[in-house]
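Report on the structure given below.
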Amino acid sequence: MREIVIKTENLSKRFGTFTAVNEINFEVYKGEIFGFLGANGAGKTTAMRMLCGLSTPSSGSATIAGFDIFRDTDKIKKNIGYMSQKFSLYENLTVLENIHFFGGIYGLSNQQLKEKSEVLVNKLGLYQEVNKLVSSLPLGWKQKLSFSVAILHEPKIVFLDEPTGGVDPVTRRQFWDLIYEASDSGMTIFVTTHYMDEAEYCNRICIMVDGSISALDSAPNLKLKFKANSMDEVFYALARGAKRGE
Amino acid sequence: MRTLKFLLQKEFKQIFRDKTIIAMILVMPTIQLLILPLAANYEVKNINLAFTDNDHSAYSQQLISKITSSGYFRLTGYNTSFKESMALIESDQADLVLEIPQDFERNLIRENQQKVFIAVNAINGVKANLGGAYLSTIIQNFNTEIRMELVTPSKSSFIPVIETTNSNWYNTLLNYNIFMVPGILAILVTMIAGFLSALNIVREKEVGTIEQINVTPIKKYHFVLGKLIPFWILGLVVFTIGLTLSRVIYGIVPMGSIPLLYCFVGVYLLAILGFGLLVSTYCETQQQAMFIAFFFVMIFVLMGGLFTSIDSMPEWAKIVSRFNPLSYLIEVMRMVILKGSGFKDIRYHFFIISIFALVLNSWAVWNYRKTS
């Protein structure tokens, strides 16, 4: 039996009378790349924000890395990394300063910071840019840097909210190489996306429609089940019935 | 502690990298302290005066030259009829009209009494009041001089007069700058610290970096302290610059203890930074934060006792000003800088401002949520 790192039970979020996320249940295994798909407004980001402790669930329960989502938020935060839809490194700090700042507040020692930033800079090929302000980097590099910073403290799980939005295909490919690498080291990746080709890269895919989960399986199984040739067709088949987002 | 160190490092780097903030910190105190005390002045000068002299006598000429030589009035019209002079008031070219009636000189000598007429444009109440009063005083003086001329002193009956002598304390020469500068310094510190702290957190919200901070194990108090401390230091720097400038430019040396002054400003800054934090926790965009902070700072300034004395405000306004932290700082600044008051004299202010600091900061921390 594989180790479960995320488990939700009837997890819901309501804003007034609007139910953004409606009683979702799923499990994510250690080391897995778990894709979270859905149209705009389907509730992906809200669900992810709840799992990261940015938003308090209205009802239901969930455990992240073995910790309860209501009681142990601080312990959860030590064990997760997060990369939001918006670029969220400090634009007016340099590459190195960002790495040191985020590493530092996760409690890395000076020695660790030094080593890790060297490894990271080498891996991303950012030697020339180390002391440049982050605002001067092209978007693709920013996203790769942002991901690398999010996993700097070696979290058990990393949450990526549409990490490759607006990035060119080559950089997207490189970005996914980084994801695979992290996954190989045993890290669990929880990623939301709009790109169906990216969905195929995931071990399992969960498709949300109108706040509920309407399908959860691996890409080949989903295609088989919906008698579709591509994930695009699977997604259309499911999302066509959506009432929201019009 | 280490977390705080990283937060402070980051904050200071960002502040020093932001040229606008640095410019504001250096330029704002200089400009405000240079311009405001000299320009924002209660003394009314350059009152526009129009004459209608129906007498054309030596006395009427004397009166007019006496008035114009006083330095307060500027002659804008010399008309033959009152109507023409009134037209000047209507077109806003004159603030006052003085009408000297026919036979002014004759009646003054023969009948020992005469009337002149003053018409005042009272749209600007202060100017009208003061202008009217200045003019009346000058005419009265003129009157006394003439009586001295006309009446031989020996014959005059003895009139008992109460003569007052006064001596001015704390600001001997009634120098307007000395009164204004400490207050302006207080406003400066308030504006810099209040606005900067209010905008800073909201900016992180707008850019989205606050999300990244909120998923980290950083404690609330770490984050708030990481924001408070840099701006607290910045506030004290601005205060030091201001204090130095007011010494260099206006020669104002605090009569009281400077450490005491710094202690009070230190506590006051905590209160005003708490205010800024509180505003930022209620706002989503910098625009909102700017407007709300501006709204309050405006009230703080107008009801702080700098431009208008709190003592002469109506009762309800006095009560409102008790909830205005700036009014305490302005008072303390004047007390310590001009009068040399000690801790005993301002302990009440200390107490109140500490409560402000405590309430505003607790409220802000309480309202700052890492989750939604």
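Below, chains carry the letters A, B, ... as their sequence lines are ordered, and counting in each starts from 1. Quantities reported herein were computed from a predicted structural model and do not represent experimental measurements.
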Would you name the heavy atoms of B:Phe6 and A:Phe101 that are closest together and state the gap between them? O-CD1, 3.6 Å
Tell me, for A:Thr94 versus chain B, whether the close heavy atoms (under 4.5 Å) come from the side chain, the backbone, both or neither. both
Atom CZ of B:Arg247: over 12 foreign heavy atoms under 6.0 Å: no
B:Arg322, CZ: over 12 other non-hydrogen atoms inside 6.0 angstrom: no
Under 4.5 Å from a heavy atom of chain B, the part of A:Asn110 involved: both
Taking side chain as everything from C-beta outward and backbone as N, CA, C, O, which of these in A:Leu108 sits under 4.5 Å from a heavy atom of chain B? Side chain, backbone, both or neither. backbone
If you count heavy atoms of other groups shown closer than 6.0 angstrom to NZ of A:Lys114, is the number above 12? no
Rounding to 0.5 Å, atoms OG1 (B:Thr209) and CG (A:Leu89) come to a distance of 9.5 Å
Find out whether A:Lys86 and B:Val207 are in side-chain contact, i.e. whether some heavy atom of one side chain is under 4.5 Å from a heavy atom of the other. no
Might you point out which heavy atoms bring A:Ser88 and B:Gln212 nearest each other, and give the distance in Å? OG-OE1, 2.7 Å
Determine whether A:Asp74 and B:Pro217 make a side-chain contact, defined as any pair of heavy atoms from C-beta on separated by less than 4.5 Å. no
Are more than 12 heavy atoms, taken from residues, nucleotides or ligands other than B:Met28, located less than 6.0 Å from that residue's CE atom? yes
Within a 6.0 Å radius of atom CZ on B:Phe12, are there more than 12 heavy atoms belonging to other residues, nucleotides or ligands? yes
A:Leu54 side chain reached by B:Val215 side chain, heavy atoms, under 4.5 Å: yes
Note: B:Arg17-A:Glu97 ion pair, threshold 4.0 Å (strictly below): yes
Between A:Tyr82, A:Phe87, A:Tyr90, which shows the greatest number of heavy-atom pairs under 4.5 Å with chain B? A:Tyr90
In this structure, are over 12 heavy atoms from other groups packed under 6.0 Å from B:Phe294 atom CZ? no
Around atom CZ of B:Phe291, are there more than 12 heavy atoms from other residues, nucleotides or ligands closer than 6.0 Å? no
Pick one of side chain, backbone, both or neither for B:Glu211, based on which atoms fall under 4.5 Å of a heavy atom in chain A. both
So for atom CZ, which belongs to B:Phe296, do other residues, nucleotides or ligands contribute more than 12 heavy atoms lying within a distance under 6.0 Å? no
Less than 4.5 Å apart, any side-chain heavy atom of B:Ile218 and any of A:Tyr106? no
Going through the distances and angles, do A:Lys77 and B:Thr216 end up as a side chain to side chain contact (heavy atoms under 4.5 Å, CB included)? CA-CA 5 Å; A:Lys77 283 174 179 172; B:Thr216 68; over 6 Å; no
For A:Phe159, which atoms come within 4.5 Å of any heavy atom of chain B: side chain, backbone, both, or neither? neither
Contact class of B:Leu4 relative to chain A, heavy atoms under 4.5 angstrom: neither
Under 4.5 Å from any heavy atom of chain B - which part of A:Ile76: neither
